[in-house]
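Heavy-atom basis, side chains included; hydrogens, waters and symmetry copies ignored. Lettering of chains follows the sequences in order, A, B, ..., and the numbering in each one begins at 1.
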4 protein chains.
Amino acid sequence: MLEELNEFLNTFQKLPREKQLKILDAAAEAFASKGYYGSGIKDICERANISNGALYKYFLNKEELFIAVLDRCQQIMVEYLYEKHTKIESSILNAIEEYLKEIAEICGKFPAYLTVYANLGSPNMEMFSERFSERFKESGKYIYEMVREAKKRGEVIEGIDERALGFLIDNQFILFLYSMLSDYHEKRFRSFMVIEDEVELTSEKKIAFIMDSIRVFLNNKKEESYPVT
Amino acid sequence: MLEELNEFLNTFQKLPREKQLKILDAAAEAFASKGYYGSGIKDICERANISNGALYKYFLNKEELFIAVLDRCQQIMVEYLYEKHTKIESSILNAIEEYLKEIAEICGKFPAYLTVYANLGSPNMEMFSERFSERFKESGKYIYEMVREAKKRGEVIEGIDERALGFLIDNQFILFLYSMLSDYHEKRFRSFMVIEDEVELTSEKKIAFIMDSIRVFLNNKKEESYPVT
Amino acid sequence: MLEELNEFLNTFQKLPREKQLKILDAAAEAFASKGYYGSGIKDICERANISNGALYKYFLNKEELFIAVLDRCQQIMVEYLYEKHTKIESSILNAIEEYLKEIAEICGKFPAYLTVYANLGSPNMEMFSERFSERFKESGKYIYEMVREAKKRGEVIEGIDERALGFLIDNQFILFLYSMLSDYHEKRFRSFMVIEDEVELTSEKKIAFIMDSIRVFLNNKKEESYPVT
Amino acid sequence: MLEELNEFLNTFQKLPREKQLKILDAAAEAFASKGYYGSGIKDICERANISNGALYKYFLNKEELFIAVLDRCQQIMVEYLYEKHTKIESSILNAIEEYLKEIAEICGKFPAYLTVYANLGSPNMEMFSERFSERFKESGKYIYEMVREAKKRGEVIEGIDERALGFLIDNQFILFLYSMLSDYHEKRFRSFMVIEDEVELTSEKKIAFIMDSIRVFLNNKKEESYPVT
DNA sequence: GATGAATGAGTTTTCATTCAT
DNA sequence: GATGAATGAAAACTCATTCAT
């Protein structure tokens, strides 16, 4: 079985990187907009400009293709998000803001992949999310470290557990991410920010709104409040 | 068109409540475990112990059945969550804890419905989430009020925006909810709490963990810390 | 089997004539517009304002209902067409013209029944047309008699076979009938008469056109030609 | 939309002609014997010995398959009937007889297609007959020309309108055609010819019977009468 | 006798996967 | 290795007929 899988992977790996990405991009777009069950192989092949049969030379089946897309998601997350932020150079407040900005940026660059990734949390995706569960710990660990360092530097309010604070901050990250990808969470954001449908809700505004609350328990005076609309 | 819809609804409404619920439950379970596109009518009918044709006497099509399930979700949320918490009698801290406990309880009672509801946030569910977007505002408003009252009573740290704080708290609620329903979010929780796979993660532990961080910016001294495992 | 059939017929016969006709009319309209296979029982019941189950008290099944409609067709034909024309009082030319006018009239009065009847000639209706085959002979016989009488009276050109002439005239009748009911045959008529789509094609014009050719071999001078448009 | 249609047509066009015809033949047979609504895709595929899915690679849906059959009908009519008779070499009487013989021949060769074509006149086929209405005019025009030429040559009785005579002759053609395809019209023919059910009614006899009446107004002496049985 | 909900085999259509070229 | 036609099981949905009330 594993050998068989490798056989497929090899064929795919031998393709020029450009073509590989074209196929994964096509798949990501399909999966993002219609979900795993709603997306058809035919549609993906047309988007990728390859033949139906070719796809089955590269991947054992739809499932493996989806996993390949998830791998690419992971890659993107690591390359654009985690690796960029392994070193906390400035204050935690800045680090958090940078992180949010980065999330906004990769959502702009790779909306389809991020959407697929975000959807892994859906309860009916458990069949796939299991394979990736190990990798989440990374993200958790990074934020925990960040908070611990900050606490040492006295940047954090007294008496708060590092892990609980890390979780709280990560929750902000996650729901910020979701709001960039799903209409539902975007509307929820608007609802809390009291912004009318007609007014544009930029990611900058969202970030300011989030920072406003985080700043509090990071012992900092609010310097500039999120502007009321 | 509306009359046509009514024709179907009437037939369904005339059924004994018990049978209605059996059908909706069956549908909710199917949709929860396999998603909208992955679930088949045949499977749902078998779970509900009705014939294929009967379902189409009750609902115009799969879509309308799904919407009926969403309506039931809404009902449950209102009945068990919102209505129970319209009056904040004690401190906000207690209110929040009660709310979390309530979430845990209805997740235990109606996991399928809650799962379906939570999945509305998936990007490929926009076709349905639009219909329900108005209703989210309610939940947001409730929490905002709660925070505002608490602030008046001096229960909240100085200098924090009510809306931002409300959002932050609601984020905790949402991700707590998700963690009750999705393996992915459960694992993420474990990761932050540093709990091994073998150790059971009860909802009580999760609630304690969340309360630990919330307590801080509600100006309260930490009385009892979340115990490390 | 026959007893069973009678059981159904009796139930139907006991209904007030008005209700009987309402049901048959509804069925005729459905069958006329969508054909036997295309028509649904539900649709017919709604048109007739009776319940689904009631229909099955009156008729064994869809097939028997269709046959009942055909019987009513037959009745109408006999009552309005054949019985009115058993006596040829005037010249055959007048008789033919009267007959055509009568066809036009009953097509106006009972378009649905006539349509169903005309459709019996469709090759995929053989299952039903067999039962009615005996009855066609009547119509043929009537026209044959008419021609024979006319020949005796010297109204018909010399040297023509009565039966062949009868057939030729009946063909005119049949295709005139079809042209009143089917778009296809109406267009064919227009094509021969060289009438544009915008110009109305009344049955009077069609009759005049047909009479124009029939008159010839009935040894009559053309008195009034069909007016060119 | 047009491109989409082409996609299907192309796949079909690429098939070997033999297979194409097998599929169209199968469909024609099904549609001829059970009508459009009565025929099932499954049945057609089995007759054609192709898989269910294959059919949907060739045609968008049942409707387009039916139209393809109609196109083939048209083709057959043009190839075997119209093209053979564009030049009237001999007398009109001969031409008519030839035409009838030709009709008999193609009915023998392609009964299913001719049946489908003939059924277009059914009132519930309007949805399809519209598309083909333009083409009927051809046939009308051809006969009109034939009559006009004959009149010039003095072959036609005096005082008869070319169009009316053309229509009359075409009616004979049409009902002769119908009698080859439908039991109902065959029986009607028998009734006029006074032929018992046991006696075989060959197309030759029918043609002789028709010619017998046509001959009259074509100014010709009856040479040999249709023999009484 | 009347009702209309229930049945389930049947319909058209789709789609992941296979396979001959 | 690539192609795209072929497969057929399964999907959503329909409808003639039955049956409990």
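- Residue D43(D) contributes atom CG, which lies 15 Å from atom P of dT13(E) at whole-angstrom precision.
- When DNA chain F is scanned 5' to 3' for any atom under 4.0 Å from a heavy atom of chain A, the first and last hits are dG1(F) to dG4(F).
- In this structure, K19(B) and E63(D) both approach DNA chain E, and ranking their closest nucleotides by distance from the 5' end singles out K19(B).
- Checked by atom type and distance alone, the side chain of S122(D) never pairs as donor or acceptor with a backbone atom of N124(D) at under 3.5 Å.
- Under the 30°/60° scheme for interplanar angles, the aromatic rings of F12(D) and F59(D) are found to be tilted.
- Between L65(D) atom CG and dT11(E) atom P there is a gap of 15 Å when expressed in whole angstrom units.
- Non-hydrogen atoms lying under 4.0 Å from DNA chain E are contributed by S39(A), G40(A), I41(A), all within residues 30-42 of chain A.
- Distances shorter than 4.0 Å separate some side-chain N or O of Y56(D) from OP1 or OP2 on dT13(E).
- If N61(B) and N49(D) are placed on DNA chain F by their nearest nucleotide, the residue sitting closer to the 5' end is N49(D).
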Point to revise | Per-nucleotide pairing state of DNA chain F [Watson-Crick or G-U, under 3.5 Å; [ ] pseudoknot-crossing; | other strand] | key: .||||||||||||||||||||
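- Side-chain contact between E64(D) and Y58(D) is absent, with no heavy atoms from C-beta onward closer than 4.5 Å.
- Legend: residues meeting side-chain hydrogen bond (donor to acceptor under 3.5 Å, both in side chains) with N52(C), ordered by chain and number and at least two apart, are absent.
- Remark: E126(D) CD to S33(C) OG distance equals 10.0 Å, nearest 0.5 Å.
- Among residues two or more places apart in sequence or in another chain, the salt bridge (charged side-chain N to carboxylate O under 4.0 Å, His left out) test is passed with D25(A) by none.
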Practice item. Carefully, step by step, assess F128(B) and Y36(B) under the rule ring pair (Phe, Tyr, Trp, His ring centres under 6.0 Å). Key: CA-CA 11 Å; F128(B) 296 107; Y36(B) 177 72; 5.0 Å; yes
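- Q20(A) places a side-chain N or O within 3.5 Å of a backbone atom of L15(A) that can act as its donor or acceptor partner.
- In this structure, the side chains of F66(B) and M127(B) stay at 4.5 Å or more apart for every pair of heavy atoms.
- One distance of note links CG of N61(B) with CG of L55(B); it measures 10.0 Å at 0.5 Å rounding.
- Residues R72(A) and L21(A) are in side-chain contact: their nearest non-hydrogen atoms beyond the backbone lie under 4.5 Å apart.
- Put simply, the side chain of I44(A) does not reach to within 4.5 Å of the side chain of I50(A), judged on heavy atoms.
- Within the nucleic acid shown, L15(D) comes within 4.0 Å of sugar-phosphate atoms alone, with no base atom in reach, counting heavy atoms only.
- Atom OH of Y58(D) and atom P of dT14(E) are 16 Å apart (whole Å).
- With a 4.5 Å cut-off on side-chain heavy atoms, I67(D) and D71(D) count as touching.
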Between protein and nucleic acid, restricted to nucleotides 8-10 of chain E and to nitrogen or oxygen atoms under 3.5 Å apart, what atom pairs and distances do you find?
residue: dG8(E); atom: N7; partner: G53(B); partner atom: N; Å: 3.3

